[in-house]
Structures are given as structure tokens and as C-alpha cells.
Amino acid sequence: MQQDNTGHPAFAVNRVADFDVVRALGSGGSFVLAKTPRRLAVHGEHAVLKVIPADAGADANSTFETITTALRAIAEIRSDFLVQLWEVGRNDGVVYCAMEHLPGGSLAAPATQLNFADVLRAISCAARGAHDLHEAGIAHRNIHPGAVVLHPHGAKLADPGLSGYLSPGMTLTGRLGQPHLAYLDPDVLRGKAPSRSSDLFSLGATLHYAASGRTLYPNLDESQPTAALSTILDNQPTVATGLPEPIERIVRQCIERTSDERPKTAGDLADRLDALWKR
């Protein structure tokens, strides 16, 4: 592993276990596209791997067990709105998670140009994926544009890298990547437990970015995590001007400081978004 200019691990090998790496995906350095090995060929020609450095020694076993336990709980959820997880493995100093590949890109880097209806449908699908996680007692905790993966009929929610059980005392937060600070509920950054409500903030922040091309913190530099954290905690989110009024209203309700003012569930949010793009 090496570091890229964002400070994230950059992947620099051609093979992980029996997966042949094709290319890196995105700018974060932890996702790669790989050829699906014959034993998993029923799933399709390609897989997406999330690759995480594993520390040497006994801690590596603990890391692997934590990640495996967390992802097993997610993989057991049957949902048309969540990217399917295939397996978790460890090979040559890394832990990897193999999952289905959808060729439409993501809201962070769509393969084709999107209109407002496409954006609303994609966020609606992501909200339904989050709702299915929530109903199983799991908070996604890392919803961002790159985690909303597109396909011809909508989108699926991916990258449950910092997921944790909602029930007190049952947190599972495997070290599966860096949080995308611009999309996290500031209350979580202050130490509040992740919840349905905090994921709703993230969905609203993701909708804002997809509709405006801007984060809620225009001056945020996520390559400097400490400074970025201070920016978020010291400033109120700023909603971009020029958004269509129905979208602006939904964004503002999702990011309300008082969680009681947010939609009650991610399923409720999805229904509202569907009512907009289907009309």
C-alpha cells in the first residue's frame, strides 16, 4: 500500500486473493474493480473490492473479526436497495470486502449525465436502502455521493464501512475507511450515537451535493481532517442558492439541527422524493 495525495491508502498491486485487479475506482484509493474469480462467476464478470490495510500481529485478527462480524450482519439483509456483499477475506496484509459491481457510476461520478428526476430517484433508492438497514437495527453512518451507486433502474446504497448497530452497547465500527466529513451529522462528530436521524442528515447532504454540485460547507478541505472537523463544528451548514424549491425544502428538513424536525424515517423521505420525480 502507498499513500495518494489525499492521505488515503492507494492500492498498488495487481491481485487480491484470487481477484485480478483491473483499476482503481474513485479518488479515495480503497476501492478497486476486479475480475470475478471462477468460483463467484455466477455473480457477474466484475466485482468491486474495498481494500483495507490490516495491522500486523494480533490486532490484525481482531480487525478482521470485527469487520467480518459487521459485514455479515449487513449481508443478511435482503434488500433491492443495498449493494450485495459477497465475502470478506484477508490476503497479504490487507482485508478485502467483495461486492457486486454496478456500471452506472455513482452520484459522485455518474457514468452519464443526470437530470433532477434521476437524482431524486437515486436518493430515494438510497433512502430505501438506509431504511432497510435501520429496520435491521443498523446505522449506515457513512452515506455520501460515492456510496449511492447507479444502475439503469435507479440506485443502490453501498459502502457501509462505518456501520454500527443502533442498539446501545452493540456498536460495530470496523476500520473500513475514512468518514466523509461533509456528509456526517455534526452531532455524531460531537459524540452522539449514530441513528436513523443522523443518516437522514447524510441523505439530505448527499441530495444537496447531487442537486447543486456543492457540499454544505463550501470552504471545507477534507484532505486536512482536523481543520475540516473544526470547520464543520464551528459553522452552520450553508444551503446553495438556486435549488428548486421542493428540493431545497427537503434538504433543509433533513439537516435541521433538531432531529425531531427531520423526516421520521428514511422510508418517509423516499416517499417524498418519489412523489417529486414521478409527477
Side-chain angles (χ1 to χ4, degrees), residues 106-110 113-131 134 139-148 150 154-155 157 159 162 178-190 192 194-225 227-279:
S106 70
L107 283 181
Q113 187 172 355
L114 305 179
N115 58 33
F116 272 121
D118 297 328
V119 168
L120 294 173
R121 180 173 67 169
I123 301 292
S124 170
C125 291
R128 294 197 186 282
H131 182 74
H134 297 163
H140 187 286
R141 203 173 170 179
N142 196 26
I143 298 172
H144 57 95
V148 183
L150 306 170
L157 185 60
D159 199 15
L162 299 174
Q178 297 295 324
H180 292 73
L181 296 176
Y183 304 95
L184 280 178
D185 187 336
D187 283 345
V188 171
L189 296 176
R190 294 185 179 95
K192 189 174 181 180
S195 64
R196 292 177 185 263
S197 179
S198 61
D199 277 351
L200 280 162
F201 180 100
S202 298
L203 285 164
T206 298
L207 173 60
H208 178 270
Y209 175 84
S212 71
R214 304 177 184 176
T215 73
L216 292 165
Y217 304 93
N219 299 319
L220 189 70
D221 180 3
E222 287 197 87
S223 69
Q224 304 293 330
L229 184 62
S230 296
T231 297
I232 292 170
L233 296 180
D234 295 342
N235 296 276
Q236 293 298 314
T238 301
V239 176
T241 59
L243 290 177
E245 190 277 333
I247 295 178
E248 179 181 350
R249 184 168 64 249
I250 290 175
V251 168
R252 289 190 181 279
Q253 290 176 344
C254 287
I255 66 172
E256 279 286 345
R257 180 65 183 273
T258 304
S259 60
D260 291 343
E261 300 298 322
R262 297 174 189 170
K264 297 302 180 184
T265 70
D268 293 339
L269 172 60
D271 289 342
R272 293 180 57 189
L273 292 169
D274 284 346
L276 290 178
W277 77 264
K278 290 181 177 180
R279 69 183 184 186

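Residue numbers start at 1 and run along the sequence shown. The model shown is predicted, which means the values in this text are computed figures rather than measured ones.
Here the side chains of P246 and F116 are not in contact, with every heavy-atom distance at 4.5 Å or above. Counting heavy atoms from C-beta on, the side chains of D199 and P194 never come closer than 4.5 Å. With a 4.5 Å cut-off on side-chain heavy atoms, L200 and T265 do not count as touching. Side-chain contact check for V251 versus Y209: every heavy-atom pair is 4.5 Å or farther apart. Counting heavy atoms from C-beta on, the side chains of E248 and H208 never come closer than 4.5 Å. Counting heavy atoms from C-beta on, the side chains of P263 and C254 come closer than 4.5 Å.
From L273, atom CG reaches atom CZ of R128 across 9.0 Å, with rounding to the nearest 0.5 Å. Rounded to the nearest 0.5 angstrom, I247 CD1 and S212 OG are separated by 10.0 Å. Separation of atoms CG (D274) and CG (L120) is listed at 9.0 Å; rounding is to 0.5 Å. For the atom pair R214 CZ and L243 CG, the distance stands at 9.0 Å (nearest 0.5 Å). Here the straight-line distance linking atom OG of S124 with atom CG of D271 works out to 7.5 Å at 0.5 Å rounding. Between atom OG1 of residue T206 and atom OH of residue Y183 there is a gap of 6.5 Å, rounded to the nearest 0.5 Å.
A donor-acceptor pair under 3.5 Å is formed between the side chain of D118 and the backbone N or O of N115.
Between A182 and Y217, the closest heavy-atom pair is O-CE1, 3.9 Å. For the pair L269 and A127, the tightest heavy-atom approach, listed with the atom from each and the gap, is CD2-CB, 4.3 Å. Considering all non-hydrogen atoms of both residues, A228 and L181 come closest at CB-CD1, 3.8 Å. In terms of heavy-atom proximity, A130 sits nearest to L157 at N-CD2, 3.7 Å. Nearest approach of L203 to I123, heavy atoms of both residues: O-CG2, 4.3 Å. For the residue pair A155 and V148, the shortest heavy atom distance occurs at CB-CG1, 3.8 Å.
Evaluated for a side-chain hydrogen bond (donor to acceptor under 3.5 Å, both in side chains) with D185, the options K192, R262, R141, R190 yield exactly one hit, R262. For the side chain to side chain contact (heavy atoms under 4.5 Å, CB included) with L216, the qualifying choice from T238, I255, N235 is I255, the only one to do so.
Salt bridge R257/D187: present, at least one basic N to carboxylate O contact under 4.0 Å.
Ring planes of H144 and H180: parallel class, angle under 30° (limits at 30 and 60°).
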Please report the C-alpha distance between E256 and R252 in whole Å, then the side-chain angles of each, then the deciding distance to 0.1 Å, and finally whether the salt bridge (Lys or Arg N to Asp or Glu O under 4.0 Å) criterion is met. CA-CA 6 Å; E256 279 286 345; R252 289 190 181 279; over 6 Å; no

Could you walk me through whether H131 and R196 satisfy the side chain to side chain contact (heavy atoms under 4.5 Å, CB included) test, starting with their C-alpha distance in whole Å, then the side-chain angles of each, then the deciding distance to 0.1 Å, before giving a yes or no? CA-CA 8 Å; H131 182 74; R196 292 177 185 263; 3.9 Å; yes

